[in-house]
Participant: 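Below you'll find the structure I mean.
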There are 2 protein chains.
Amino acid sequence: MPLVVQKYGGTSVGTPERILNVARRVLATQQAGNSVVTVVSAMSGVTDSLIKLARDVSNKPTEREMDVLLATGEQTTIALTAMAINALGGKAVSLTGAQAGIMTDGIHTKAKIANISPRQIRKYLSEGYICIVAGFQGQTVQGSITTLGRGGSDLTAIAIAAALKANNCEIYTDVDGIYTCDPRIVPNARKIDVIAYDELLEMASSGSKVMQSRSVEFAKKFKVPFEVRSSFNTNRGTIVKEETPGLENVVVRGVSVERNQAKVTITNVPDRPGAASRIFTALADAHVIVDVIVQNVSAAGTTDISFTTNRDELEKLGTLLNPIVKEIGASDVLKQEGIAKLSVVGIGMRSHSGVAARLFEALAKGGVNIEMISTSEIKIAVILDEAKIVEAANLAHEAFGLAQA
Amino acid sequence: MPLVVQKYGGTSVGTPERILNVARRVLATQQAGNSVVTVVSAMSGVTDSLIKLARDVSNKPTEREMDVLLATGEQTTIALTAMAINALGGKAVSLTGAQAGIMTDGIHTKAKIANISPRQIRKYLSEGYICIVAGFQGQTVQGSITTLGRGGSDLTAIAIAAALKANNCEIYTDVDGIYTCDPRIVPNARKIDVIAYDELLEMASSGSKVMQSRSVEFAKKFKVPFEVRSSFNTNRGTIVKEETPGLENVVVRGVSVERNQAKVTITNVPDRPGAASRIFTALADAHVIVDVIVQNVSAAGTTDISFTTNRDELEKLGTLLNPIVKEIGASDVLKQEGIAKLSVVGIGMRSHSGVAARLFEALAKGGVNIEMISTSEIKIAVILDEAKIVEAANLAHEAFGLAQA
């Protein structure tokens, strides 16, 4: 019998009515002739309430105990989902991460899955049960409860699909799939039928927050194809899988947009070894996530180094960088808000040339000025004035013909 | 180092502030030179909210899943309590029932403790940790989560105290201890310093709901003395322990009162074997809890059988008993509300005579009529008009000199 692993996120199980809706979908999947393992998240809002409770008793809650606390969120959902399926005449059983055999390392609040021993899942499936597994959680070999960090429920589903060699892995969410661009920005954006892991990774790192990168990376590593689709309708979603020759025929898969960026420029950095290293080591130590970096050597033996980061990081950068600027003998730190990043992504770029040229031409024709450029093997990213980002996204979407299937 | 097991109920951990209060008490106990294991219940109200959620997805929630759901209540409290202790500079670790090694049978929602393997507790205690253990829950040998039913957290504490051979077991609650009578009924009721297991058992079954009978029975079986005391002050409470010659010197330990009783009389029951059995088997099958039963054989070869039960049961009794009355050839079912039960309890009754006489005399002098009488080795219970119960309790309390230490 084919085995399907499904995952429903917090919005999909956010109320008792929605849990019943999920229960009906799960039952229908079983009745269509499949064995089913369903991974669920905490009901939306529950995790935030638990974090608030923790803050009420401690300024800096112990991470081990935070995991014990947060794990109750998914445990509540698995029990309710199994009850709902049973109430509808099905046969379901709930399993916590530990019971499902999700073994992790001991890094609390962001544990990594070490291995999966799905003995209990296999036993219950062989008895005709639907297994409802708590996402986001596992346990160490010593038996401590751990959680997997943001996006952890997707990771649970993909890891179980890998361990059980599932025929299908379906990630249900509140959107219909992955789009060629955010439809709120580009109204004629189209749902993508099939996308390669690497493309989704580049789009995810460029603001398309359907899934966390680590879940996609995990799926890529273990070659688990999965489908991102909506829990509120029965439309087909987007299949995410390994690259195939067919996938490479499309040069640009999608356009993604990231707002709330800031640009920082350090002027007149002496052009000698170690200067850039000094700056970016300090930023890394302070956990500032730096995105695009651009450096041009000028004739006078000094250079301007620019980088972008999230606007929220800007405040702490002044006190961090000013002493370093003095130390390395640079002139100044200039900060610019109100910028955004636009990326075009596609594995077809590897074998097609002229993509950058076509993008720059489209933006130029529309009068959009490019402030910075960054490229990878399958992505071209440009930094723009945030006020122009909607126009730019529509121009890029049009230039690569993304509205047509 | 002496080992203390403490248990805090739902009211004592009902808010983050109260959890911090408990954390301070636990820390103080450790700082006084003890190893400490603390058992906590779900925050008050949490269990009811979870039950409501279950009812929202199912008319008849699966008992296995109910246990998975309810167990999150205590899991939340253990995490918060451990965090609170850590925030106050202590060193605490939380353990679910399963992690604490509470092994049970597989009877979901009312599991019995089979054995305790406190390996993890011992390990953490030896490292100087305070162990915060989830009450009310355990797991089967197959690894399913179970709960112990009402009063289960007391049971957890007493079982752990037995397994670890603790020096003290303290049951913290929202009252100061066990009283000679409910102080809302008898204003000069006095806190009892020491009481025997059997006395508390008789008082518990007579309406003094400080603890569930099964926890007291468990403590009696494993000879675990414990102290019932308040988590809101530092007063000494009531020590519950095995009978000693000293304890037997007190004839009556306390008076307990149960309101909301009802009396049912079946008239003219033919005086032949099997008639009473037919009635009480039907009541047992319908899970009606029958308390006092009285039967007098009349001269005419028929008898009236009376029994008391909780008033809430009265409604379903008509439809249940009417066909049986017809079947066995009795006349009628008479129902009487507005009655109450008064019990005087004391192990000293075993070796002292005249207790019943003194009670009846006191009630008679006060003009209180007795409707039914029931006695055990260490208890005399009388059924009275509910309107007279406060007066009767004060008369009995006075007659046995309970206000004096």
Participant: Could you have a look at Leu69(B), Asp67(B), Leu88(B) and say which one has the most heavy-atom pairs with chain A under 4.5 angstrom?
Facilitator: Leu69(B)
Participant: Measure across Phe136(B) and Arg150(B) and return the closest heavy-atom pair with its distance rounded to 0.1 Å.
Facilitator: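 Here Phe136(B) and Arg150(B) meet closest at CE1-N, 4.5 Å.
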Participant: Leu95(A) versus chain B, heavy atoms under 4.5 Å apart: side chain, backbone, both or neither?
Facilitator: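 For Leu95(A), the contact with chain B is made by the side chain alone.
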Participant: For chain A, which of Ser94(B), Ala98(B), Ala54(B) has the most heavy-atom pairs under 4.5 Å?
Facilitator: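 Option with the top pair count is Ser94(B).
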Participant: Is chain B contacted by the side chain of Ile19(A), its backbone, both, or neither, given a heavy-atom distance below 4.5 Å?
Facilitator: side chain
Participant: With a 4.0 Å cut-off, would you call Arg229(B) and Asp176(B) a salt bridge?
Facilitator: no
Participant: Would you kindly say whether Thr72(B) and Thr72(A) are connected by a side-chain donor-acceptor distance under 3.5 Å?
Facilitator: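 No, no side-chain donor-acceptor contact under 3.5 Å.
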Participant: Taking Thr96(B), Leu70(B), Thr76(B) one by one, which has the highest count of heavy-atom pairs under 4.5 Å against chain A?
Facilitator: Thr76(B)
Participant: Measure distances from Gln142(B) to the heavy atoms of chain A and classify the residue's part below 4.5 Å as side chain, backbone, both or neither.
Facilitator: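 For Gln142(B), the contact with chain A is made by the backbone alone.
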Participant: Quick one: sort the Tyr124(A) and Tyr129(A) rings into parallel, tilted or perpendicular, breaks at 30° and 60°.
Facilitator: perpendicular
Participant: Quick check on Gln75(B) against chain A: is it the side chain, the backbone, both or neither that has a heavy atom closer than 4.5 Å?
Facilitator: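 Both backbone and side chain.
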Participant: Would you tell me whether Thr29(B) and Gln6(B) have side-chain atoms, one donor and one acceptor, within less than 3.5 Å of each other?
Facilitator: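 Yes.
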Participant: Applying side chain to side chain contact (heavy atoms under 4.5 Å, CB included) between Thr146(A) and each of Ile113(A), Thr104(A), Val68(A), Ile102(A), report the one that passes.
Facilitator: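 Output: one option passes, namely Thr104(A).
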Participant: Is the side chain of Thr81(B) donor-acceptor paired with the backbone N or O of Ile78(B) at a distance under 3.5 Å, no angle test?
Facilitator: no
Participant: Can you name the closest pair of heavy atoms from Arg25(A) and Thr234(A) and give their distance?
Facilitator: NH2-CA, 4.2 Å
Participant: Pick from Leu80(B), Asp56(B), Ile145(B), Asn59(B): which one has the most heavy-atom pairs with chain A under 4.5 Å?
Facilitator: Leu80(B)
Participant: With only heavy atoms counted, which part of Ala92(B) is less than 4.5 Å from chain A, the side chain, the backbone, both or neither?
Facilitator: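 Only the backbone of Ala92(B) comes within 4.5 Å of chain A.
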Participant: With a 4.5 angstrom heavy-atom cut-off, which part of Leu20(B) approaches chain A: side chain, backbone, both or neither?
Facilitator: side chain
Participant: Any idea which of Leu50(B), Asn86(B), Ile132(B) has the most non-hydrogen atom pairs under 4.5 angstrom with chain A?
Facilitator: Asn86(B)
Participant: Quick one: what part of Ser144(B) sits under 4.5 Å from any heavy atom of chain A, side chain, backbone, both or neither?
Facilitator: both
